[in-house]
Novice: 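Take this structure first; my questions come after.
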There are 2 protein chains.
Amino acid sequence: MREKTERIIRGWGDACDAEISVAVLGGAWKPSILSLLDEHEVLRFGELGRLLGEPTARVLTRQLRELEDDGLVVRMVYRQVPPKVEYRLSDLGRGSMPLVEALTSWGGRYAAHQRRELARLTAEAEHLDDLDAAVVG
Amino acid sequence: MREKTERIIRGWGDACDAEISVAVLGGAWKPSILSLLDEHEVLRFGELGRLLGEPTARVLTRQLRELEDDGLVVRMVYRQVPPKVEYRLSDLGRGSMPLVEALTSWGGRYAAHQRRELARLTAEAEHLDDLDAAVVG
DNA sequence: CGGGATCCGTTTCGATACTG
DNA sequence: CAGTATCGAAACGGATCCCG
């Protein structure tokens, strides 16, 4: 288990369950990684990188290691040249998919709402510009 | 809207919806704050602090400001002496409760699973100690 | 191909002290 | 009461170079 995760679980084992979820799923790329592995069943390191839009190898490695340490992802190393490493979901990882989908769904609705808000504010600002122009003209 | 949230929404508006959820709900104390506000309807700054177990005022302020900037929480200031500030959920905040509950639920199941795992490993280690003792004896 | 080592800038957390 | 100001420590994401 990841040290950070263990610290949270041991530390304030009560009333902070949501924070555990955030700690486990909250890294950069992690929900996307889990979704891709759920969709494709099994992916190699390079395939994952391409599908994610080329994060640094260093970063991708770290995220995958953390997911592995937290038990959501299984890593299979084929000892051969050139090397080949496959990743897939563990049972724990598959069990997290409903939550990942809930995160995706709410995040999408939230982003849509906020984009409308941004557009509204922009339109308002332009309207004010028009008024200014009218006054100046 | 919080700058960080806007950056994510504008930046890679696609395929990262789950990351938006994490950005909005992912701070320390944030899910707990939302749950408490949902449960109590309205809470003052100090009440929230006590219910959360006394995080630093600085920290609590920051989390509440971010939730407010992201539109999940409404802040009402009563201009009086001594000051009085009330926090409650916005519609957006109430809409996030199913997700917060999903985070709590999965986090709880995950923590229970990992606690069993820790106990199992500890028992195994003690068993090995017993074996060592037997050999040494 | 799939990383590890090293370094860096930013963000975040948290403690202490002070204020209208 | 409900913060703000300041500071230090740590975590995180990311870039660059190197390796078997």
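Throughout, protein chains are lettered first and strands after them, A, B, ... in sequence-line order, and every chain is numbered starting at 1. Please read all numbers here as calculations on a predicted model, not as lab measurements.
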Novice: Keeping the roles fixed (side chain from A/S90, backbone from A/L92), state whether a donor-acceptor pair exists under 3.5 Å.
Specialist: yes
Novice: Could you please spell out the steps behind the salt bridge (Lys or Arg N to Asp or Glu O under 4.0 Å) verdict for B/E47 and B/R50?
Specialist: CA-CA 5 Å; B/E47 294 176 318; B/R50 278 185 292 279; 5.5 Å; no
Novice: Starting at CD of A/E47 and ending at C1' of C/dC1, how long is that distance when rounded to a whole Å?
Specialist: 12 Å
Novice: Rounded to the nearest Å, what distance is computed from the CZ atom of residue A/F45 to the P atom of nucleotide C/dG2?
Specialist: 7 Å
Novice: Look at A/R62 and D/dC12 and indicate whether a side-chain polar atom (N or O) is within less than 4.0 Å of OP1 or OP2.
Specialist: no
Novice: Using a cut-off of strictly less than 4.0 Å, decide whether A/W29 has a side-chain nitrogen or oxygen near OP1 or OP2 of D/dG14.
Specialist: yes
Novice: Got a donor-acceptor contact below 3.5 angstrom from the A/Y87 side chain to the A/I33 backbone?
Specialist: no
Novice: Expressed in angstrom and rounded to an integer, what is the separation of B/Q80 atom CD from C/dG20 atom C1'?
Specialist: 14 Å
Novice: Take the protein atom CD of B/E86 and the nucleotide atom P of D/dC1, then report the distance between them rounded to whole Å.
Specialist: 15 Å
Novice: In whole Å, I'd like the distance from the CG atom of A/L64 to the C1' atom of D/dG13.
Specialist: 15 Å
Novice: Considering just the side-chain nitrogens and oxygens of B/R65, establish if one lies under 4.0 Å of OP1 or OP2 belonging to D/dT4.
Specialist: yes
Novice: Contact class for B/E3 vs. all strands (heavy atom < 4.0 Å): base, sugar-phosphate, or nothing?
Specialist: nothing
Novice: Which of these nucleotides, C/dG3, D/dG13, D/dG3, is closest to any side-chain atom of A/V85?
Specialist: C/dG3
Novice: Assess, by modelled atom type and distance only, whether the side chains of A/R109 and A/S105 contain a donor and an acceptor separated by less than 3.5 Å.
Specialist: yes
Novice: Does B/T5 use its side chain to pair, donor to acceptor, with the backbone of B/M1 at less than 3.5 Å?
Specialist: no
Novice: Looking at A/E54, I want to see if its CD is surrounded by more than 12 non-hydrogen atoms of other residues, nucleotides or ligands under 6.0 Å.
Specialist: yes
Novice: Round to the nearest Å and state the distance from A/E66 atom CD to D/dA11 atom P.
Specialist: 12 Å
Novice: Which is true for A/R79 with a 4.0 Å heavy-atom rule: it touches a base, it touches only sugar-phosphate, or it touches nothing?
Specialist: nothing
Novice: Between A/T104 and B/D17, do the side chains contain a donor N or O and an acceptor N or O under 3.5 Å apart?
Specialist: no
Novice: Say whether, by atom type as modelled, one donor and one acceptor occur between the side chain of B/R88 and the main chain of B/M76 under 3.5 angstrom.
Specialist: no
Novice: Between B/R7 (CZ) and D/dG13 (P), how many Å, whole number?
Specialist: 13 Å
Novice: For A/Y78, report the nucleic acid contact type (base, sugar-phosphate, nothing); a contact means any heavy atom under 4.0 Å.
Specialist: nothing
Novice: For B/G27 and for A/K84, find the nucleotide of DNA chain C with the closest heavy atom, then tell me which residue's nucleotide is more 5'.
Specialist: A/K84
Novice: Which residues within residues 48-61 of chain B lie with some heavy atom under 4.0 Å of an atom in DNA chain C?
Specialist: B/T56, B/R58, B/V59
Novice: Salt bridge check: are B/E86 and B/R44 linked by an N-O gap of less than 4.0 Å?
Specialist: no
Novice: Tell me the bend of the helix from C/dC1-D/dG20 to C/dG20-D/dC1 as the angle between end helix axes, each from five pairs, rounded to the nearest 10 degrees.
Specialist: 50°
Novice: Return no unless some side-chain N or O of A/K4 is found under 4.0 Å from OP1 or OP2 of D/dA10.
Specialist: no
Novice: When the nearest nucleotide of DNA chain D is assigned to A/P83 and to A/Q63 on a heavy-atom basis, which residue is associated with the more 5' position?
Specialist: A/Q63
Novice: For A/I8 and D/dA10, what is the distance between atoms CD1 and C1' respectively, to the nearest whole Å?
Specialist: 14 Å
Novice: Looking only at atom types and distance, does a side-chain atom of B/R94 sit under 3.5 Å from a main-chain N or O of B/L89, one as donor and one as acceptor?
Specialist: yes
